[in-house]
Amino acid sequence: MNPTIEFIDLKAQYADLKQEINARIQRVLDHGQFVMGPEVRELEERLEGYTGAAHCITVASGTEALLISLMALGVRPGDEVITTPFTFVATAEVIALLGATPVFVDIEPDTCNIDSTLLEAAITSKTRAIIPVSLYGQASDMDEINTIAARNGGIAVIEDAAQSFGATYKGRKSCNVSLIGCTSFFPSKPLGCFGDGGAIFTSDAVLAQAMREIRVHGQQRRYHHTRIGVGGRMDTIQCAIVLAKLERFDWEVERRIKVGDAYLRLLASKEGIVPPVLRSDRTSVWGQFTIQVDGRNAVLERMKSAGIPTAVHYPLPLHLQPAYRDLCRSAGPLANAEAVAARVVSLPMHPYLTAEAQRTIVHSVSEALTQFA
Ligand SMILES: Cc1ncc(COP(=O)(O)O)c(C=O)c1O
């Protein structure tokens with residue numbers, strides 16, 4: 001593997017932030033409140049300020065954020081939750097865990113986000129929530145989705161913003177563009193910790209209170225349980241790490257946007273490569289920078305032999321996964337999701353990626369395509 005091109009460069013980030021991160025961790029070691037210590041609320045307040053949402057509830061992971069959100073909404077067996085089949089499995093997993101049915105709606109072939117024009121036809125009397133995923137770092141048509149949800153009896157909309165923290169939609173921050181926003185602080189995410197972590201955002205005080213209780217085994221006060229909950233807290237140390245990383249986050253978002261722009265310029269004239277499409281009213285944090293090509297295997301092999309790391313997000317849509325095939329419902333054909341799953345390739349993407357590395361990467365992709373054409 002080419003040591004100079006990393007898929008995600010967490011080492012460079014740590015080198016940049018070492019003092020602040022180490023100091024933050026040391027403070028937690030000194031005060032010893034490893035669970036629900038002061039950094040937990042400090043981070044929540046900082047993120048409320050950042051997103052503009054009235055309430056932030058940190059949780060154990062992005063998956064837990066989605067699960068707790070659905071639990072707070074009261075989703076239960078027999079209910080339906082509409083989402084995209086072209087996402088990380090956690091989005092549908094939490095629906096199935098609650099005994100509800102994931103209902104899949106096809107995606108737009110260019111953004112790979114849920115196609116909002118197909119949404120209304122998928123709604124039934126059982127629909128309790130809609131989970132659009134801000135895939136690869138770009139939000140879906142949130143206004144259209146919110147409007148459809150409102151017009152159909154006030155269905156809850158949860159943005160799965162695991163890949164898009166820091167992105168904007170019509171000037172508003174991802175995580176604060178629908179009733180609920182859920183993000184992940186998994187290390188490789190745009191804002192990551194050094195393990196598992198996540199957060200829920202909402203401006204609904206009643207839901208926020210329910211989420212805070214569900215996060216700690218459904219208790220209102222110690223050992224008094226008014227609802228069923230989970231052990232879903234985010235560790236104090238992980239909150240401290242995110243607080244340290246927030247110092248550089250604006251710079252990182254700016255860099256991500258610049259690196260994404262540079263890729264788009266380099267790819268514009270390349271035969272056989274379909275670059276990702278960004279809608280003009282949004283910004284992406286490029287959680288993944290994902291192109292589409294025919295003959296993906298050849299490209300992956302060529303990149304590997306050139307020492308350039310790549311990934312496939314995602315090779316098989318969820319309605320075709322053995323665990324979901326029989327328990328999901330497909331609202332119409334999912335042809336775009338199936339076609340795109342065979343064509344996507346994610347390229348190295350992080351704030352420290354140099355212009356030279358980007359040229360090498362793009363050269364390597366186009367060479368593979370001409371070689372195997
Ligand atoms: C779209 C999406 N949803 C949910 C998750 C789950 O987040 P976590 O890994 O923090 O549980 C991820 C993480 O990969 C994701 O990409």
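Both counts, for ligands and for their atoms, begin at 1 and track the order of listing.
- Between Glu20 and Arg24 there is a salt bridge, since at least one side-chain N of the basic residue sits less than 4.0 Å from a carboxylate O of the acidic one.
- Taking a cut-off of under 4.0 Å to the non-hydrogen atoms of Val133, the atoms of ligand 1 that pass are 1 (C).
- The protein non-hydrogen atom at the shortest distance from atom 16 (O) of ligand 1 is Gln163 NE2, 2.9 Å.
- Residue Ser184 approaches ligand 1 through these ligand atoms, each under 4.0 Å from one of its heavy atoms: 7 (O), 8 (P), 10 (O).
- A salt bridge links Arg41 with Glu45; the closest basic N to acidic carboxylate O contact falls under 4.0 Å.
- Checking each of Ser164, Ser284, Ser134 against Ser174 for a side chain to side chain donor-acceptor pair (under 3.5 Å) leaves exactly one that passes, namely Ser164.
- The ligand atoms of ligand 1 that sit less than 4.0 angstrom from a heavy atom of Thr91 are 3 (N).
- Near Thr87, meaning under 4.0 Å from any of its heavy atoms, are these atoms of ligand 1: 1 (C).
- Ion pairing of Lys304 with Glu301 is absent here, as no side-chain N (NZ or NE/NH1/NH2) approaches a carboxylate O to less than 4.0 Å.
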(request) Test Thr58 against Glu44 for side chain to side chain donor-acceptor pair (under 3.5 Å), laying out the working first. (result) CA-CA 7 Å; Thr58 55; Glu44 290 173 349; 2.9 Å; yes
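- Of the protein's non-hydrogen atoms, the one nearest atom 12 (C) of ligand 1 is Phe88 CD2, 3.5 Å.
- The distance criterion of under 3.5 Å between nitrogen or oxygen atoms is met by Asp160 with respect to ligand 1.
- A cation-pi arrangement is absent between Lys189 and Phe165, since the terminal nitrogen or guanidinium carbon is not both under 6.0 Å from the aromatic centre and inside a 45° cone about the axis.
- Looking at atom 15 (C) of ligand 1, its nearest protein heavy atom turns out to be Ala162 CB, 3.4 Å.
- Electrostatic pairing of Lys18 and Glu247 does not count as a salt bridge here, judged by no charged N lying under 4.0 Å from a carboxylate O.
- Contact annotation for Lys189 and ligand 1: only side-chain heavy atoms (C-beta onward) come within less than 4.0 Å of the ligand.
- Nearest protein neighbour of atom 8 (P) of ligand 1, counting heavy atoms only, is Gly62 N, 3.5 Å.
- Glu367 and Lys270 are not joined by a salt bridge, as no carboxylate oxygen comes within less than 4.0 angstrom of a charged side-chain nitrogen.
- Of the heavy atoms in Thr63, both backbone and side-chain atoms come closer than 4.0 Å to ligand 1.
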